[in-house]
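I have placed the structure first, in the form of structure tokens, so that the comments after it can refer back to it.
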Amino acid sequence: MKQLIDIQVKTTHLQIDECYDFVTDPSCGGLALFVGTVRNKNKGESITKLTFEAYTAMALKEMKKIAETCINEKGANKISLHHRIGDVLISEKAVIIAVSSTHRAAAFEACQYAIDTLKETVPIWKKEFLVDGSYWVNATP
Amino acid sequence: MKQLIDIQVKTTHLQIDECYDFVTDPSCGGLALFVGTVRNKNKGESITKLTFEAYTAMALKEMKKIAETCINEKGANKISLHHRIGDVLISEKAVIIAVSSTHRAAAFEACQYAIDTLKETVPIWKKEFLVDGSYWVNATP
Amino acid sequence: MELILFGIIKEWVTETDIDLQENNIQTVKDLKLYLLNKYPQLNSLSSYMIAVNQTYAEDNMVLSTDAEVAILPPVSGG
Amino acid sequence: MELILFGIIKEWVTETDIDLQENNIQTVKDLKLYLLNKYPQLNSLSSYMIAVNQTYAEDNMVLSTDAEVAILPPVSGG
């Protein structure tokens with residue numbers, strides 16, 4: 001069977017082309033992509049870099065669940081989910097999600113579902129480094 | 001003022017990188033992209049190629065209106081809208097829309113609004129070439 | 001008045017210069033009636049629009065001889 | 001039982017091997033109570049989850065000594 005799902009958690013730069021090339025297909029007319037990059041500010045504070053830590057084995061499993069839901073329930077044809085870990089600098093890509101579908105509405109819906117769910121369920125943690133310290137994002141209320 | 005809008009109608013291959021590079025920005029955390037490619041089938045008929053014809057001067061104006069709405073009303077920071085014209089083969093990109101935003105929900109909403117509206121208002125016409133003939137898409141009910 | 005044609009309409013309508021005065025055409029609506037009468041195939045379209053100076057025009061817009069007028073079949077870009 | 005720690009929890013919890021029998025821990029809930037008692041900083045978290053063999057675990061799940069157990073602070077990927 002042709003591979004429909006491409007999940008990667010890696011320390012090297014994420015490449016949009018790699019995700020696009022995986023999901024594109026002569027039978028698909030619409031592709032939606034989401035790219036999450038590192039912002040230079042959060043709540044007014046200047047960020048110097050981020051570090052992402054992952055429980056990689058479980059992250060891959062949770063990302064696979066998301067991908068399967070996109071294909072089985074959201075009308076996606078193929079999906080690529082790449083997440084960067086380790087140090088990530090301002091403007092670098094932290095996550096790429098690419099979804100192809102026969103029609104565009106399904107591609108958008110699946111892509112948005114995938115990033116929303118990834119942020120809720122995938123065991124990856126972000127530490128923000130500011131000029132005067134660092135902290136784990138979302139850890140405390 | 002920094003350019004926030006990048007509109008192109010062109011006969012050469014569309015490049016995702018060009019759109020991504022235009023919209024990405026250290027202050028933005030989320031980018032949504034839509035890529036429309038030429039499908040090999042429509043309603044069960046095999047397609048050999050498409051030709052896009054544009055009323056280019058007016059298409060650029062209508063695309064600019066869409067881009068301005070995305071920025072002024074949908075929370076987009078920057079937007080890139082590229083449309084290909086002339087002959088386009090199977091799997092080639094017919095349209096790319098890239099939107100950056102501080103938060104991802106706005107990027108998705110603006111990107112979907114842009115492609116939905118482009119398909120309704122921008123004066124570009126698609127002729128599909130099948131094995132046994134050709135026809136202008138959407139022309140007749 | 002110069003007339004610009006696109007897509008399927010280019011296969012039906014052949015004239016690209018219309019004398020407004022001679023044909024008693026004052027508004028966009030008059031132009032549509034003139035065209036429908038001369039090219040009944042236009043009735044088979046899902047819809048069609050008139051653009052004046054690269055902007056969608058309402059039926060009651062008055063046409064001038066120096067306007068750039070285009071007949072637009074249903075769009076299908078994207 | 002092996003305990004895997006992540007993010008902010010790694011800065012608080014130091015032990016990575018817990019004797020279930022000795023500490024009278026049978027379920028995920030028992031483990032949480034043990035941890036909260038020993039590391040009260042955990043109360044300052046928005047929430048935290050226990051994963052058993054790389055799957056989110058309910059409070060009533062029974063723990064075995066050969067399980068891979070992880071304490072997960074609130075995730076913040078993407």
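Residue numbers begin at 1 in each chain, while the letters A, B, ... track the order of the sequences. These values consider heavy atoms only, across backbone and side chains, with no hydrogens, waters or symmetry-generated copies.
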Trace of the side chain to side chain contact (heavy atoms under 4.5 Å, CB included) decision for B:Thr37 with A:Asp25
CA-CA 9 Å; B:Thr37 53; A:Asp25 191 284; over 6 Å; no
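No side-chain heavy atom of B:Gln112 sits under 4.5 Å from any side-chain heavy atom of A:Glu109. Considering only heavy atoms from C-beta on, B:Lys93 stays 4.5 Å or farther from A:Thr24 through its side chain. Using a 4.5 Å heavy-atom cutoff, the side chains of A:Tyr20 and B:Ile16 are in contact. Proximity of A:Ile115 to B:Phe108: side-chain heavy atoms (C-beta onward) are separated by under 4.5 Å at one or more points.
Judged purely by atom type and a 3.5 angstrom limit, A:Ser27 has no side-chain atom pairing as donor or acceptor with the backbone of B:Arg39.
Between B:Ile90 and A:Pro26, the shortest heavy-atom distance links the atoms CG2-CB, 4.0 Å.
Heavy-atom distances place the backbone of A:Val38, and not its side chain, under 4.5 Å from chain B. Looking at B:Asp116, the atoms closer than 4.5 Å to chain A (heavy atoms on both sides) sit in the backbone and in the side chain alike.
The CG atom of A:Leu31 sits 10.0 Å away from the CG atom of B:Leu33 when rounded to the nearest 0.5 Å. Considering OG1 of A:Thr102 and NZ of B:Lys41, their distance stands at 12.5 Å, rounded to 0.5 Å.
By a heavy-atom distance cut of under 4.5 Å, not one residue of residues 57-79 of chain A is near chain B.
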